[in-house]
Amino acid sequence: MLLNVRDLVIDYKTPRGNVRAVDGVSFDVPAGAVVGVVGESGCGKTTAVRGITRVMPGAARFAGGAIEFEGRDIVTMSEREMRKLMWREIAYVPQSAMNALDPVWRVGKQIEEVLRDRGGMGKRDARARAAELFSMVGLDAQRLTDYPHQFSGGMRQRASIALALALSPKLVIADEPVTALDVVIQRQVLDTFAELQAALNLSVILVTHDISVVAYVCDYVVVMYAGRVAEAGPVAEVLANPAHPYTMGLYNAFPELSGDDRELSPIEGSPPDLLDPPAGCRFRPRCPFAQERCAQEPPDVAVGDGHRALCHRADEAAALRDVAKKVDTWTGVSAA
Amino acid sequence: MTADAPLIEVDSVSRSFDVSRSAADILRGRRPQIHAVTDVDFTLRRGETLGIVGESGCGKTTLGRMLIKLIPPTSGTVRFQGADIGEMDRQAELAFRRRAQLVFQNPFDALNPHFTILRSLQEPLRNARVPAAEHEERIAEALRMVHLAAPEHFLMSFPHQLSGGQLQRVVLARALVLRPDFIVADEPVSMLDVSVRAGILNVLREVRDRLGLAAVYISHDLSLVRYVCARTITMYLGTVVEDGPTRDLIESPLHPYTRALVQAVPVPDVNQSHDPLPIKGGLPDARNPPSGCRFRDRCPLAEARCAAEVPRLREVSPGRRVACHVVA
Ligand SMILES: Nc1ncnc2c1ncn2[C@@H]1O[C@H](COP(=O)(O)OP(=O)(O)OP(=O)(O)O)[C@@H](O)[C@H]1O
Ligand SMILES: Nc1ncnc2c1ncn2[C@@H]1O[C@H](COP(=O)(O)OP(=O)(O)O)[C@@H](O)[C@H]1O
Ligand code: SF4
Ligand SMILES: [Mg+2]
Ligand SMILES: [Mg+2]
């Protein structure tokens, strides 16, 4: 296993109180695998993966758990060790590619900077490597002298992937790399990404709120809800046999290109305020299958063959899936 | 005016923008322009909902803004109930602004952050001089339409206190308070989570069925357009390349660009095809579009003729138009 995240807890200290944005999250990243982290906005995806890089906002604190990268705990690592790890072993593509690229520097200069500063390369080698990286991600090396604003959204995403790959890391963490792109560019960027992943045998954590992206490129999926892992397992298994009502809801809300002209089933309401999350199951206020006990006891992790779901009714999942397919199941659930 | 007469007639509408000149442009006396929209025409009846699809930058927003007179066309006309919206007197213009409404792309920017939700909903009524006595009822009606219960504390809250889905419902309600005859919705769900998006699409369907207004719905994703629009136009680099029933565009796309758009639609299925899209690269520079067919440098079917001649939008069957030398 390249990376193990174990019972990770991350808090934000805010003027309104303590926000536990990540609350006991565990997942593994096998070498050479693509792991998708999926969930609605505000579920803690960015917080969890930024924890792995330790590049966190000032208000964030580790409050428990461990992140083991090749057996070494990132949470307790010294600054010096961490500095060696970043870029060379682990690279991070932040949520907006505009954040990855500095607007006042030419894109090529920024890549060369990382190669020289972090990789100890000479000027000439760095320049050649930058050109190589550009062609790897499908950009014309002539555009290395452009500024980020001269690039389209898709080109910026490609450039930030090139930047992440600069020092041949083992693990790339990409936060919503295709979210702002149109369907054509999204597909092209994902194809490039998948090709490079296979060619370089990269391990990848890909954050997205879109299960179609997970289906297209990921081997494993971690579904997050309100700071916790609602469901996790191999993508083919989780999408074919979702065991958590939240995953069923995400799947059913997805618009189809073919089939009847029907209403879609939204998941009503929104994720809870993490300043004061509901007791028991956090999905209960929006769950069509909630029972008495869901309001009182937090569900346990039901484990079966690498597929786990945080739901009291996970053992009835097959029956619930049929009910979940009906639009009516999802109407009038949430009070909000 | 009969019920069957078009509400909106778009006739050879084009729009270009000046772009900043490089030193070489100035030396050679060139004034480079972006041709954002070129020679678009279509008609729209009451009760009809038209989808406009195409990649980012193909001119969808620019066209939408011309339809409701936020910007004027460089050439061509948009007529509303037979009257050119560019030639209206003040009074007709005021009436038009009440009857044609825009729903913005990003709900997070669409509302004034310093206004309460109530104030944001009252504003258009005030501007249109709707008597204050009617405001409460109009607002309640619009909120019902978008399925927002309106307890006092909700109306008195500010945009940052609402979720994205609630905000988009407010933005839609604000467009509906004036009981418009025509709305343009520009990517109304692209910023929202899938779970929330579904609810907004359902509301758009209801608005379509219950209010019978004419609507234009802009998106790059055919699977979204399909839920709301019976008919769809595909745009490429400012021009219409295909027009027809949405179902036909999806099930048997004719133009090679529409085919690529259909193939690019994301699906949550692990067994989907990973075949590369049949088109290469991105949109060419809109300042110097390719000669002949603007799509030819990315087109898998291009022939010599495509570089020489601009393909006209031809009717290939009733209600179905395509601009391509090879397929039509
Ligand atoms: N005010 C402007 N000045 C200069 N160019 C403009 C202006 N507005 C739009 N353009 C250009 O016109 C073309 C069409 O832009 P438009 O915003 O209409 O595209 P779109 O299809 O709505 O794209 P998206 O899907 O990204 O919203 C682009 O090349 C764009 O850069
Ligand atoms: N810098 C911050 N300070 C305080 N709270 C934050 C900060 N960043 C995120 N949060 C809160 O943490 C929770 C998870 O956010 P985030 O990790 O960004 O989720 P996601 O990436 O899934 O959208 C949310 O409740 C969010 O409001
Ligand atoms: S534990 Fe109960 S409320 Fe939570 S997802 Fe399962 S059935 Fe729904
Ligand atoms: Mg995020
Ligand atoms: Mg637009």
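Protein chains get the first letters and strands the later ones, always in sequence-line order, with residue 1 at the start of each. In what follows, every heavy atom counts, from backbone to side chain, and hydrogens, waters and symmetry copies are set aside.
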Can you name the nearest heavy-atom pair linking [X] to [Y], along with the distance?
| X | Y | result |
| --- | --- | --- |
| Ser195(B) | Arg286(A) | OG-NH2, 4.4 Å |
| Arg205(B) | Glu263(A) | NH2-N, 4.0 Å |
| His209(A) | Val194(B) | O-CG2, 4.4 Å |
| Arg187(A) | Ala264(B) | NH1-CA, 4.0 Å |
| Leu181(A) | His220(B) | O-CE1, 3.8 Å |

query: side chain to side chain contact (heavy atoms under 4.5 Å, CB included) with Pro268(B): which of Val235(A), Val214(A), Asn252(A), Ile211(A)?
result: Ile211(A)
- prompt: For Val183(A), which of Pro266(B), Ser223(B), Ser56(B) qualifies under side chain to side chain contact (heavy atoms under 4.5 Å, CB included)?
  reply: Pro266(B)
Please classify the contact between [X] and chain B as side chain, backbone, both or neither, with a heavy-atom cut-off of under 4.5 Å.
| X | result |
| --- | --- |
| Ser265(A) | backbone |
| Asp260(A) | backbone |
| Leu257(A) | both |

Check: Phe254(A) and Arg197(B) side chains under 4.5 Å, non-hydrogen atoms: no
Side-chain heavy atoms of Arg298(B) within contact of Val184(A), under 4.5 Å: yes
Which one of [options] has the most heavy-atom pairs closer than 4.5 Å to chain A?
| options | result |
| --- | --- |
| Val267(B), Asp221(B), Asn271(B) | Val267(B) |
| Asn202(B), Val262(B), Val270(B), Asp269(B) | Asn202(B) |
| Leu224(B), Val265(B), Ile279(B) | Val265(B) |

- prompt: More than 12 foreign heavy atoms under 6.0 Å from OH of Tyr220(A): is that the case here?
  reply: no
task: Report, as yes or no, whether the 6.0 Å neighbourhood of atom CZ on Arg262(A) holds more than 12 heavy atoms from other residues, nucleotides or ligands.
output: yes
field: Ile250(B), part contacting chain A, at a heavy-atom distance under 4.5 Å
entry: side chain
task: Let me know if Gln263(B) has heavy atoms under 4.5 Å from chain A in its side chain, its backbone, both or neither.
output: both
message: Can you tell me which of Ala253(A), Ala236(A), Ser212(A) forms the most heavy-atom pairs within a distance under 4.5 Å of chain B?
response: Ser212(A)
task: Check whether any side-chain N or O of Arg226(B) sits under 3.5 Å from a backbone N or O of Ser258(A) as a donor-acceptor pair, and report yes or no.
output: yes
- request: Would you check if the side chain of Asp182(A) reaches a backbone N or O of Glu55(B) as a donor-acceptor pair within less than 3.5 Å?
  value: no
- request: Find the distance between CG (Asp193(B)) and CD1 (Ile267(A)) and round it off to the nearest 0.5 Å.
  value: 9.0 Å
